[in-house]
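For reference, the structure is listed below as structure tokens.
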Amino acid sequence: MARNIGVHTVVTGFSIKFVGMETMDLAQREKTFEDKIKSGIKIEPKDWMPDRYRKQLIRMMSQHAHSEIVGMLPEGNWITRAPSLSRKLTLLAKVQDEAGHGLYIYSATETLGIDRLEMISQLHTGKAKYSSIFNYPTTNWADIGTIGWLVDGAAIVNQTALAKCSYGPYSRAMIRICKEENFHNKQGYQLLAHMMEGTKQQRDMAQDSLNRWWWPSLMMFGPSDKDSPNSAELMRWKVKMHSNDFLRQRFIDRTVPQAEAIGLRIPDPKLRWNEETQHYDWGEIDWDEFYTVIKGNGPCNRQRMQARVDADVRGRWVRKAAEAYAKKHMN
Ligand SMILES: [Fe+2]
Ligand SMILES: [Fe+2]
């Protein structure tokens, strides 16, 4: 690119020649980039990449980091009300893991040249999105199980695919994060399985929880392929490895038998196994609800954002103190 060559102030006659060289250079860089993608070589932070690839990754990765952080709120709500010490410890560990995932992905996103403060300000001003699922309330203890089982389960399906994506820092972050998500998924399923062996009231609580979270979990995979404008480009660049609908189906196929195994009913009258396709057929997502939540009008959007902004204000003195401490030790 022109800015990396930096020799143009010579004689006018030469500058024409340089422009030609720059064009060639750009074409060459694009080719090297595309060749790497095709042959499965990871793109690393210092490699040349098209501006749009960089922008799309910043959008996706920062949205992912924000989701990890905002995702701590619905579950954090139950830490003080966990019914036993071991459940409390498990939940604390899980919520702490999510904080780690957020920080890890913020760092990976910074390798693309955006500052963390800028990402956080984009979140707080509503310019950046986070997963719509975290705008739903956690109204009973079974929700903690359902979130681990469904929400972390959906995250695993998404993130296992992202672990193979073309951007090195993102793909490597996913490998580690997926290991922790597996623990989150299993603790959630085990919690629900335990409740399903309990009293009728406990079984009803678990079923009520599944009824509320099933459809929002399916929405986590994003709009249907035909309404997903960025998908084709992201798939060509191997930023996305599979389409939204493909991953959603994969999630349904692996989750339905798990529900049946512990006696939970999926709240979808159209759900049935299709021998021919070897997949489950299922009903219709309420896309109006999805877009309402995405646009900021879900049940808890305002509450979640307020909690993040308040935490930012309350933590200001800690950041100042850390900065002063670092300065003192630099001298
Ligand atoms: Fe996570
Ligand atoms: Fe998780």
Side-chain angles (χ1 to χ4, degrees), residues 3 42-76 93-135 152 155 158-159 162-163 165-181 184 230 234 237 239-240 294 296 301-330:
R3 64 171 179 269
K42 302 286 179 208
I43 306 297
E44 296 298 338
K46 287 183 178 163
D47 292 346
W48 183 89
M49 60 187 85
D51 276 351
R52 200 161 152 76
Y53 176 84
R54 187 186 299 277
K55 275 194 192 127
Q56 290 281 38
L57 270 172
I58 290 176
R59 182 184 60 80
M60 269 181 71
M61 290 171 68
S62 63
Q63 184 172 318
H64 189 165
H66 299 324
S67 303
E68 301 281 356
I69 298 296
V70 179
M72 296 162 73
L73 294 169
E75 289 180 291
K94 186 211 188 265
V95 173
Q96 194 174 0
D97 281 354
E98 305 301 3
H101 298 172
L103 300 183
Y104 205 17
I105 303 170
Y106 279 132
S107 294
T109 317
E110 282 182 314
T111 63
L112 291 158
I114 183 167
D115 185 75
R116 188 176 306 203
L117 285 179
E118 196 182 332
M119 285 185 259
I120 290 172
S121 120
Q122 287 175 353
L123 172 70
H124 292 177
T125 53
K127 197 177 156 206
K129 303 274 182 234
Y130 56 89
S131 179
S132 58
I133 193 84
F134 300 118
N135 292 309
D152 292 84
N158 254 324
Q159 292 172 181
L162 283 170
C165 82
S166 60
Y167 188 54
Y170 197 23
S171 75
R172 290 189 288 274
M174 287 305 106
I175 293 169
R176 174 173 171 171
I177 287 174
C178 276
K179 289 183 183 158
E180 294 181 347
E181 299 297 6
H184 301 169
N230 295 320
L234 292 174
W237 279 334
V239 172
K240 272 174 90 158
I294 289 284
N301 292 59
R302 283 171 193 83
Q303 199 181 323
R304 301 287 183 243
M305 213 28 59
Q306 196 57 51
R308 289 311 313 152
V309 171
D310 289 349
D312 191 54
V313 172
R314 277 203 307 274
R316 213 164 269 165
W317 72 270
V318 179
R319 293 193 295 276
K320 269 193 180 166
E323 233 172 72
Y325 181 84
K327 247 188 215 159
K328 197 170 145 191
H329 284 264
M330 253 175 20

Item to complete: List in chain and number order the residues that pass side chain to side chain contact (heavy atoms under 4.5 Å, CB included) with N158, two or more places apart in sequence or in another chain; answer none if no residue qualifies.
Response: F221, L247
Fill in: Separation between CZ of F134 and CG of N301, rounded to the nearest 0.5 Å
13.0 Å
Fill in: Spatial distance of atom CZ (R302) from atom CE (M305) [nearest 0.5 Å]
11.0 Å
Worksheet item: Taking only residues two or more places apart in sequence or in another chain, which ones pass side chain to side chain contact (heavy atoms under 4.5 Å, CB included) with R176?
Response: Y104, E180
Worksheet entry | H64 ring center within less than 6.0 Å of Y130 ring center | no
Response to the item:
Looking only at heavy atoms, the pair that brings N135 and S131 closest together is ND2-O, 4.3 Å
Worksheet, complete the sentence: side chain to side chain contact (heavy atoms under 4.5 Å, CB included) filter on L234, not counting sequence neighbours, yields Q56, R59, M60, N230, V239, K240
Response to the item:
By salt bridge (charged side-chain N to carboxylate O under 4.0 Å, His left out), R319 pairs with (sequence neighbours left out) D312
Worksheet item: Under 3.5 Å, is there a donor-acceptor pair linking the side chains of Q63 and H66?
Response: no
Worksheet item: What closest approach, in Å, do M49 and E44 show between heavy atoms, and which atom pair accounts for it?
Response: CE-O, 3.9 Å
Worksheet entry | Spacing of S171 atom OG and K42 atom NZ [to the nearest 0.5 Å] | 4.0 Å
Fill in: Any I43 side-chain heavy atom under 4.5 Å of W48 side chain
no
Fill in: Of R172, Q159, E98, the residue whose pairing with I177 passes side-chain contact (heavy atoms from CB on, under 4.5 Å)
Q159
Counting only pairs under 3.5 Å, give me each side-chain donor-acceptor contact of residues 115-125, with atom names and distances, residues two or more places apart or in other chains.
from	atom 1	to	atom 2	distance (Å)
D115	OD2	L117	N	3.0
R116	NH2	S107	OG	3.1
R116	NH2	E110	OE1	3.4
T125	OG1	S121	O	2.8
T125	OG1	Q122	O	3.4

Practice prompt. Give the C-alpha distance, both sets of side-chain angles, the deciding distance and a yes or no for side-chain contact (heavy atoms from CB on, under 4.5 Å) between H101 and I69.
Written response: CA-CA 8 Å; H101 298 172; I69 298 296; over 6 Å; no
Response to the item:
Rounded to the nearest 0.5 angstrom, the CG-OH distance for L112 and Y53 is 8.0 Å
Worksheet item: Out of curiosity, K328 NZ to Y325 OH, how far, rounded to the nearest 0.5 Å?
Response: 8.0 Å
Discussion item. Checking A108 now: which residues fulfil side chain to side chain contact (heavy atoms under 4.5 Å, CB included) with it, not counting sequence neighbours?
Written reply: M61, P169
Worksheet item: Between Y106 and E68, does a side-chain contact (heavy atoms from CB on, under 4.5 Å) hold up when you go through it step by step?
Response: CA-CA 10 Å; Y106 279 132; E68 301 281 356; over 6 Å; no
Worksheet item: Between T109 and Y170, does any side-chain donor sit less than 3.5 Å from a side-chain acceptor?
Response: no
Discussion item. Nearest 0.5 Å, please: how far is CD in E181 from CG in D152?
Written reply: 5.0 Å
Discussion item. With a sphere of 6.0 Å drawn around CD of Q96, does it hold more than 12 non-hydrogen atoms of other residues, nucleotides or ligands?
Written reply: no
